[in-house]
Every structure is written in C-alpha cells, then in structure tokens.
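Each chain gets a letter, A, B and so on, in the order its sequence line appears, and its residues count up from 1. Quantities reported herein were computed from a predicted structural model and do not represent experimental measurements.
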2 protein chains.
Amino acid sequence: MQNTEDIISRLSAQGLRITDQRKTLARLFAESPGYLSPKDVYDYMGKYYSGLSFDTVYRNLRVMEELGVLEQVMFEEGVKFKLHCREHDHHHHLICLNCGKTYPITYCPMEQTAVPDRFRVVRHKFEVFGYCEDCSEGDN
Amino acid sequence: MQNTEDIISRLSAQGLRITDQRKTLARLFAESPGYLSPKDVYDYMGKYYSGLSFDTVYRNLRVMEELGVLEQVMFEEGVKFKLHCREHDHHHHLICLNCGKTYPITYCPMEQTAVPDRFRVVRHKFEVFGYCEDCSEGDN
DNA sequence: GTATCTGCAAACCATTTGCATTCAG
DNA sequence: CTGAATGCAAATGGTTTGCAGATAC
C-alpha cells in the first residue's frame, strides 16, 4: 500500500500541479483497498466539492492512469480504477464482488498452461471473483 | 462448431421468428471462429441489408445472448460476442488479438490456486491473448 | 505572470426505447 | 390475422472536448 503523500509526490515529480482535488483523489485511492468506478470517485469527491464536475474526475483519472499511478480494468459493469500494483513480481487478484477489495494471488496459471506452438502469447488475464470475509453474506 | 441450421432451429425452438436478418446473423456467427463486436456485425450485415439499423443488430444480439445462443465478453475495446461454447466441460480460451479467433484451453487454473479460507469463490476469468498462426506478424 | 486546472456546456459514441409499419407464423 | 420484428427518430448514459475563468507554481 502507498500512502497519500507517496502518490502526491509521484504526481508532483511528473510535473502535475497539486490541487486540492488531486490531494483528495490521492487520499481516496490510498485508503481504498479495491476498485472504484468513475461514479464511485465522483460520489466520494462530491462530498467535499460542491461544484464538482464529472469531466474533471475523468480527466484526473485518465492523467493518473497515464502516469502509471492508477491502473484501469474493464469489468462487465464498466471501467474501474485502483492504485497500480507496485509489487515487482507478476501476480493476480482475488476480487470481492461486493466491496471491490482485492487480494493478491502469487500463483500464475501461465506456467501450467499448454499453448500450441503456433500461438504466440502476448498477455493474459486471470481474475478470481467472490466474497471476502467481511462481505460473506453474498447472494446465494 | 455449430452450423447455421442448428442455430436457426434453436432460435425457432425458443419461439423466435426466423427473419432474413436472423438467418444471416446465424450464418455469420456459425462461420466466424472468434469474437465479433456489434460494429463488426453491423458492418457485415450492412452488406446484405441496405436499410439496416444498428438497433436491430443490438436487439438481436441481446436476444440471442439471453437465449444462450451467444455469449458476451467485455474486452478493453468494449463488448464482443461469439457463439456460446457448447462443450460441457469447463474450459478457457486463447484469443487472437488480431482476428479474434479463439482456441479452447482445457486447463483450468482454479484447481491450483490457493485461496484464503475466508474468501468464498464465485467465479473466475482466465484468458490468454496473443497471435494465432495466421496472424503472427503481430506488433513487436 | 503563465501554464495548468477546473467547471460549464456541448459534443460524442455506444446502446436503448417508443412507436408506426412490415412481415413471419 | 396477430403478435413479433424492423427502421426510424429520439432518448439515454458514459465519456470526451473546447473554452473562459480560476489557481498552483
């Protein structure tokens, strides 16, 4: 986990101006263990900034994603963001369907996967969805 | 692979009317080995129906997806469709980044994945992307 | 001071909906 | 014939863009 200051200084180091909104944004992601949709972010930010506009949220999410501070993942419900994993070794995630919190999985299935000679692998996606301890009321 | 008639009769069996467009749609998916975006479908269909509208394409894709004839997957670039796999055993796919063609992988990583006791797994996603034999010019 | 940020409005794109017409059964 | 399918136009929802005023540096 990175704290708010880490994120701020990375933004600053990249030449971005440190506005109040960006501080709040940094804090939000520093404190959120899981994925957030643009709407989640907008709703949270809206509590602190009355005149907040959606486009600024999008702009900042995009900028932070381009700088590698955030990472963006496509879910069935749409795009979501979280802090970019700083761990060096390749890993995957357990993702809670309720709170969006993620837990690393060190195991990578590519090692075991038999791929035809003729297929040149570029990347892969392995994600496990379910309910974390705190959210285990679930649906069925 | 299923042929056009199989698909048509499944649609018919479900009470749908067999229009020209749906026949063409069935043929398109029967002959396409990979994922197609709504736009791909629209472009293809457009060659045969001059007054074609996008909403009919969407409607038919959605209906066929609800009937289990098609399956829908979210990629970075958006939603895509292919024939729903009829194979009984659970499996995953190699997906060609160029032509969208898919190849089944029998291996399922969940068997090897250590999950914390407290996390209740509901579903998972494992996809391998790359270039198939025919598309191996690739990008790098 | 100056370039970057922000909010606003409007544009944009993909997707959905209502309705009148057409067509499969 | 009748209800379902289609095309059209318009609405919607999510996201992006242009521009003028506000703000970090």
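When the C1' atom of D/dT6 is taken as reference, atom CZ of B/F54 falls 16 Å away, rounded to whole Å. Rounded to an integer number of Å, the gap from CG of B/L61 to C1' of D/dT6 is 15 Å. Put simply, CG on B/L11 is 16 Å from P on D/dA4, counting in whole angstrom units. Atom-to-atom, NZ of B/K80 to C1' of C/dA14 comes out at 15 Å; the value is rounded to the nearest Å.
Screening residues 29-49 of chain A for salt bridge (charged side-chain N to carboxylate O under 4.0 Å, His left out), with sequence neighbours left out, gives A/K39-A/D43.
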Show me, pair by pair, the donor-acceptor contacts under 3.5 angstrom made by side chains of residues 14-25 of chain A, not counting sequence neighbours?
unit_1	atom_1	unit_2	atom_2	d
A/T19	OG1	A/R22	N	3.2
A/R22	NE	A/N60	OD1	2.8
A/R22	NH1	A/R17	O	3.1
A/R22	NH2	A/N60	OD1	3.0
A/T24	OG1	A/D20	O	3.1
A/T24	OG1	A/Y49	OH	2.6

Only pairs under 3.5 Å count here: list side-chain donor-acceptor contacts from residues 76-84 of chain B, not counting sequence neighbours, and write none if there are none.
unit_1	atom_1	unit_2	atom_2	d
B/E77	OE1	B/K80	NZ	3.4

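Taking the ring axis of B/Y103 as reference, the NZ or CZ atom of A/R118 does not stay both within 45° of it and closer than 6.0 Å to the ring centre. Judged by the 6.0 Å distance and 45° axis criteria, A/R27 is positioned over the aromatic ring of A/Y48.
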Dot-bracket for DNA chain D, please, read 5' to 3', with Watson-Crick or G-U wobble pairs under 3.5 Å on both distances, ( ) within the strand, [ ] crossing, | other strand, . unpaired.
-> |||||||||||||||||||||||||

Under-3.5 Å N/O pairs linking protein and nucleotides 3-10 of chain C:
unit_1	atom_1	unit_2	atom_2	d
C/dA3	N3	A/R17	NH1	2.8
C/dT4	O4'	A/R17	NH1	3.3
C/dC5	OP1	A/R17	N	3.2
C/dC5	OP1	A/R22	NH1	2.9
C/dC5	O5'	A/R22	NH1	3.0
C/dC5	O5'	A/R22	NH2	3.3
C/dT6	OP1	A/T19	OG1	2.7
C/dT6	OP2	A/N60	OD1	3.4
C/dT6	OP2	A/N60	ND2	3.2
C/dT6	O3'	A/Q21	NE2	3.2
C/dG7	OP1	A/Q21	NE2	3.0
C/dG7	OP2	A/Q21	NE2	3.0
C/dG7	OP2	A/T56	OG1	2.9
C/dG7	N7	A/D55	OD1	3.3
C/dG7	N7	A/R59	NH2	2.9
C/dG7	O6	A/R59	NH1	3.3
C/dG7	O6	A/R59	NH2	3.2
C/dC8	OP2	A/G51	O	3.3
C/dC8	N4	A/D55	OD1	3.3
C/dC8	N4	A/D55	OD2	3.4
C/dA9	N6	A/D55	OD2	3.1

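Applying the ring-ring contact (aromatic ring centres under 6.0 Å, His included) test to B/H124 and every residue at least two apart in sequence or in another chain returns B/H90, B/H92.
Of the charged side-chain nitrogens involved, none lies within less than 4.0 Å of a carboxylate oxygen, so that B/R10 and B/D6 do not count as a salt-bridged pair.
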